[in-house]
2 protein chains.
Amino acid sequence: MNEKIINGKECSKIIRQNLKERIKEIDKNLKLVVIRVGNDEASKIYVNSKGKACTEVGIDFLEITFRDDVSEEVLIDKINELNNDEEVTGILVQLPLPNHINTNKILNIIDYKKDVDGLTTTNIGKLNNSEVSIIPCTAAGVIDLLKFSNTSLESKNVVIIGRSNLVGKPLISLLLKENASVSICHSKTKNLSEYTKNADIIICAVGHPNLINKDMVKENSIIIDVGINRLDDHICGDVNFDDVVNKVAKITPVPGGVGPMTVTNLLVNVVKCYEFQKN
Amino acid sequence: MNEKIINGKECSKIIRQNLKERIKEIDKNLKLVVIRVGNDEASKIYVNSKGKACTEVGIDFLEITFRDDVSEEVLIDKINELNNDEEVTGILVQLPLPNHINTNKILNIIDYKKDVDGLTTTNIGKLNNSEVSIIPCTAAGVIDLLKFSNTSLESKNVVIIGRSNLVGKPLISLLLKENASVSICHSKTKNLSEYTKNADIIICAVGHPNLINKDMVKENSIIIDVGINRLDDHICGDVNFDDVVNKVAKITPVPGGVGPMTVTNLLVNVVKCYEFQKN
């Protein structure tokens, strides 16, 4: 069974090791600044793990916090200051922001060359146009895992479930670039199993435990499970792993599949930002 | 048979009539400026028909021509001048440009609020993000025809053939916004008929005469044929119209289907640009 598992920890480790070497060769300190607003506990944990990962590969890390009644103006001024600061390589605004803040407006203040999350309109447009861009971390991680597991994408029938700006939508562009045929399903799709039963590769990113079972997948298909669902006593993905594992060729576990790739690609994106700014 | 035909001329006429009324109510002259480079005969014809359509609905039209050895710098200076000219509502650079010119660079000089073709990175990114944007004319025309023919898109299985920046890619975003399930096929797709045979709606935009025949379509499906192929003695689409017409529920003819919608949406986009600039 083990040879079926696409090991995200292992893939992540290799990328981080290579990154560490590359960062050593750069004759400038790289620095990621994270802006965090309010007291959301999950956000604190995520930001901490990003900081830890930066330190491990040799990227300086700074967290700037604001109270949750901060105004848009104050955030905009801070981001503009960071845009103009040559010592800052990358800027990340930890989401979600409080309701009184226009998230899209704030994200688009970030200079696209410092946009480590790849969520500015400019980076989204460039990705859609197949230009060099900063790619949203989780979507990039899915492609990394497919390549790590030697999965060819050319002419493959790939089904994406979920159309978020963070995962589903950027994956459309990334998969088309690899010459896959791409179908996008979502909450309004009526005949989901008609899609999944014909898929060579299924990428599931909806946050719905056990959405995909054995009867919905093709023999020898490849499953990338992006879902991270916190149940009472454990974490699981969108795919019923135990049910499908004997039928499919390869599958990512949850945890230990796509999860570790997200922060790894944040680190990759800091280096990409440095290279963007150099040119 | 006639009730099966989605009449692009008729749809176009209604939109242009409404537009004419709207333009009359605007207390400012709208003006479209087209930049054309070189002596390409097809480009001359296209630009003429754009000019004629503008005049018909009451939009001022100016064509600026350059020799095909014009430098990027000269084009950039001209576009910047037009960006800053308050009397100019929309700017269009007629493609193709000569090989020594970086097309993408030139297009992105256009202020996105004057980008009537919807091809700047900003408008592409906004469309992808489901924000208000200028939508590429032909893609917008496809959606117009589906609505004109009372075709519901929600939960429909839509297959797009062709992944161009002008048609296929913007249609992904437009169709997802309407809650359709979307599949994108292209030259590297191996089992095209597996996709088309299951499609409620097929949108074909590849430029390949007779690519789609009766055996490839589902009973009562809806076919939008974006192809315009010039054969020896006539123009035809990508779909074998005579072969499929008795099997499908609705179909666009070529000519007289999607064709007229492209210039119509250029006119729509001039008005949209005016509204963008007002806000």
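Below, chains carry the letters A, B, ... as their sequence lines are ordered, and counting in each starts from 1. This one's a predicted model, so the numbers in the text were calculated from it and none came from an experiment.
- There is no side-chain donor-acceptor pair under 3.5 Å between N157(B) and N198(B).
- In terms of non-hydrogen atom pairs under 4.5 Å with chain A, the most contact-rich of I184(B), T189(B), V159(B), I124(B) is I184(B).
- Taken from CD1 in I203(B) to CG in L174(B), the straight-line distance is 9.5 Å, to the nearest 0.5 Å.
- Between the side chain of N129(B) and the backbone N or O of G125(B) there is no donor-acceptor pair closer than 3.5 Å.
- Under the 3.5 Å distance criterion, with hydrogens and angles disregarded, a donor-acceptor pair is assigned to the side chains of N229(B) and D238(B).
- No more than 12 heavy atoms of other residues, nucleotides or ligands shown are found within 6.0 angstrom of OH on Y46(A).
- Taking a cutoff of 4.0 Å between a charged side-chain nitrogen and a carboxylate oxygen, K78(B) and E81(B) qualify as a salt bridge.
- Looking at I172(B), only its side chain comes within 4.5 Å of chain A, counting heavy atoms on both sides.
- Among V158(B), N165(B), N179(B), L192(B), the residue making the largest number of heavy-atom pairs under 4.5 Å with chain A is N179(B).
- Within residues 92-112 of chain A, the residues having any heavy atom closer than 4.5 Å to a heavy atom of chain B are N104(A), listed by residue number.
- Judged purely by distance below 3.5 Å, without hydrogens or angles, the side chains of T122(B) and T120(B) never pair a donor atom with an acceptor atom.
- Between the side chain of R36(B) and the backbone N or O of G38(B), at least one donor-acceptor pair lies under 3.5 Å.
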Practice item. Take I160(A) and L175(A) through the side chain to side chain contact (heavy atoms under 4.5 Å, CB included) test and state the conclusion after the steps. Key: CA-CA 10 Å; I160(A) 302 169; L175(A) 291 163; 3.7 Å; yes
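- Contact of N128(A) with chain B is made through backbone and side chain together, with heavy-atom distances under 4.5 Å.
- With a 4.5 angstrom heavy-atom cutoff, E194(A) does not touch chain B via any of its atoms.
- Neither the backbone nor the side chain of L127(A) comes within less than 4.5 Å of any heavy atom in chain B.
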